[in-house]
Amino acid sequence: MEVKIGLEIHVQLNTKTKLFCGCPNPINLKEEPEPNSLVCPTCLGFPGSKPRLNAKAFETAKKVAVALNFTLAEETFFSRKTYFYPDMSKNFQITQYEIPIGRNGFLEMEINGKKKRIGLKRIHLEEDPAKLVHVGGMGGKYVLVDYNRSGIPLIEVVTDPDFKSPEEARVFLHKFAMILEYLGVYDDCSKAVIKSDANISLSIGGRSGNRVEIKNITGTREVELALKYEIVRQKNLLKSGTAVKTSTRMWNPDLKVTQEMRKKETEEDYGYIFEPDLTRMEIRKDEIISIKRNLPELPEDKQKRFIKIYGFHEKLAEALVSEPDIAELFEYAAKKISPHTAGTWITGYLKKTLNWHGIRFKESGLEKEWIVKLLKMFERGLLTDRGAELIIRKMVEEKKDPEYLVEKYGLKKIKSNKEIEKIVDEIIKRNPKAVSDYKSGVEKVLHYLVGLCMRETHGRADADAVRKILIKKLGA
Ligand code: ZN
Ligand code: MN
C-alpha cells in the first residue's frame, strides 16, 4: 500500500492587531472577549470600508518564509477569493493567490532516525473568517456568528504531497510549530490555533483511489488521528472494489471520524480577482538578506551548538531545544552550575514534573534562579537525588523558593555517618528475619533493608552511604 499526504496549514499570528484593521487580535487576550466586541466596519465587511495592511503581519510572514527556505517574490499582492458564507460577510476573503509571498521552500525533519526533506509549495498571508457557533451542535436550530475572529492574520503554508504516513505528518507539524515558536510568531500557550487541511490518496496493488481532502483539523495530534482513520476507511473501500471519490470531508474530533462535507469547489469556482483596495508590495533583495541575518538561532543549530560546546548526546541536546523556554533556562543555568547537571535535571525530572501537570516552564510560575539554587544545593551535596526530586515537585506545586522548601519539608541531606548509623541500627533491630536471611546468604535482602532505611530518613540519606554502613554492620 502506498499513501500520499499533503498538508495545508493555517497559523494564527500573534500580532497586536488584525490583518486589515486596528481591532485588537483576540488571541492575545487573557480573558475571553464578549462575542462581536472586537470589531469595526472593516472586519465586519461593511460596504465602503477599506482594508489597510498590518505591516507587522507582513514582516512576520516574510520572516517565516525566509526561515522555511522559501524563495520570496519580488513583488506580491492580495486577491479576493469569492464565496458566499456567513463567516465572511464581504462575500470574499482577502488572500493571496497568483503570487504568494514565497514559493519552493522546504523543511528537513527526522523520521525513524533518517533525515527527510519536505517540500513546501507556497506561503501566503490571508484573513481568518468569523467563527460560527452551531447552537445545539451541527444540525441544531440556529447558528451564531462571532466576528471577533474575522480578520486575524493567518499564514498559510502548503506542502508537497511528500508524507508517506500519518506519523510523518505529525512529526512535521510538531517541528513546524516549534520553529514558529522560536521565531516568536506563534505561542503554544496562547489562544493561537494551528489548523490543517490534509489531502490524502491511497493505492493498493495498482488500484488507486482519488484524492480526499480532510478539512479543519486543529492541532498536531489530531492530524495523525484523522489521517489514520481515513486510511482505514479508504483501504476498506478499495478492497471491496468501491471507488474512492474525490471529496471533501470534515474531521469530527468528538467522534474521531471523518464525515462527508460537500462537493469540493475547484479553484476556478472562487473567481479570484486582485484586491484593488490594497497596494502591491515589493520585497527587496537587501531586505531578505537582513531578515536572514537577524533570524534567531533555530532549534537545529542550537542543538548542534549544545553538542559541540557541552559534549552532550544528540538526544539530550534535542530534548533541551524542544521548547525555547527550556533551552533558555538551560543556557542560563549552564553559566552558573555544571552544564551536565543542568541539562540532565532540566530535561529529566523538571520536564517530567511539568508534563505531569500539563504545563510549560514559562507558564509554571517558576523562576530560573530557583532551578539554579536547587541544583547548586544538589551539587554541593546538601540534597540527595530523591530530595532534589521532591523539591522540584513541591516547587511546581507551591511556586516557592527551593531554600524555603528544603527548610519547610526538612529535606536537608543527612551528612553525618553517626546519624545514619543510628537509623541503620534501628532498622536492623526491627527486622530480625531479614537480617538472618541476609546472613544465611539471601543477598537481595540487602536492597530491601536499604529501602527501609531510605524510607526512615525520607530520602535524606545517601543510598550508597546507607548500603556501606549496612554491609559493615551486618558483616560483623
Ligand atoms: Zn476591525
Ligand atoms: Mn486558506
Side-chain angles (χ1 to χ4, degrees), residues 6-13 15-29 33-57 60-61 64-65 76-83 85 87-103 120-132 145-159 173 176 186 192-199 213-218 223 248 250-251 261 264-272 275 277-278:
L7 295 175
E8 290 172 29
I9 312 155
H10 290 90
V11 185
Q12 291 180 322
L13 298 179
T15 51
K16 286 206 180 73
T17 52
K18 293 185 181 179
L19 186 53
F20 297 120
C21 63
C23 293
N25 182 348
I27 68 161
N28 295 319
L29 302 178
E34 279 287 298
N36 297 307
S37 61
L38 306 173
V39 291
C40 72
T42 301
C43 56
L44 287 172
F46 284 7
S49 66
K50 296 272 192 245
R52 50 200 194 280
L53 177 63
N54 180 336
K56 185 76 196 170
T60 301
V64 175
T76 175
F77 57 90
F78 285 98
S79 289
R80 296 178 170 187
K81 177 180 178 175
T82 309
Y83 70 91
Y85 211 60
D87 67 1
M88 196 48 88
S89 56
K90 306 193 289 291
N91 286 348
F92 60 84
Q93 178 192 30
I94 304 179
T95 177
Q96 296 189 281
Y97 181 59
E98 296 85 346
I99 303 177
I101 290 176
R103 285 190 207 274
L120 306 174
K121 265 197 190 79
R122 52 183 283 145
I123 179 170
H124 71 249
L125 257 181
E126 64 184 30
E127 56 180 337
D128 210 352
K131 185 167 114 189
L132 299 182
V145 190
D146 182 0
Y147 286 96
N148 284 347
R149 199 176 76 186
S150 173
I152 293 179
L154 299 177
I155 47 167
E156 179 173 339
V157 170
V158 183
T159 78
L173 272 175
F176 176 78
Y186 163 80
V193 169
I194 295 186
K195 262 189 205 161
S196 308
D197 301 337
N199 289 302
E213 182 178 14
I214 317 167
K215 282 239 170 242
N216 259 325
I217 320 169
T218 304
V223 170
T248 303
M250 207 184 62
W251 172 242
M261 243 172 104
K264 193 177 152 45
E265 308 89 340
T266 61
E267 288 296 326
E268 294 84 67
D269 294 334
Y270 289 124
Y272 287 94
E275 167 58 73
D277 288 336
L278 290 162

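Counting starts at 1 for both ligands and their atoms, following the listed order. Predicted model only: the values in this text are computed from it and were never measured.
- Atom NZ of K56 has 12 or fewer heavy atoms from other residues, nucleotides or ligands within 6.0 Å.
- Seen from the Zn ion (ligand 1), atom SG on C43 and atom SG on C21 lie at an angle near 110° (rounded to 10 degrees).
- To the nearest 10 degrees, the angle centred on the Zn ion (ligand 1) between SG in C40 and SG in C23 reads 100°.
- Among the atoms of E156, an N, O or S atom falls under 2.8 Å of the Mn ion (ligand 2).
- Looking at E126, its N, O or S atom nearest to the Mn ion (ligand 2) turns out to be OE2.
- Nearest approach of N25 to L13, heavy atoms of both residues: ND2-O, 2.9 Å.
- Every residue two or more places apart in sequence or in another chain that forms a side-chain hydrogen bond (donor to acceptor under 3.5 Å, both in side chains) with T95 is listed here: H124, E126.
- Among the heteroatoms counted here (N, O or S) of H10, NE2 is the one nearest to the Mn ion (ligand 2).
- Between Y83 and Y85, the ring planes are tilted. Angles from 30° to 60° get that label.
- A pairwise comparison of heavy atoms in L7 and A198 identifies CD2-CB, 3.7 Å as the closest pair.
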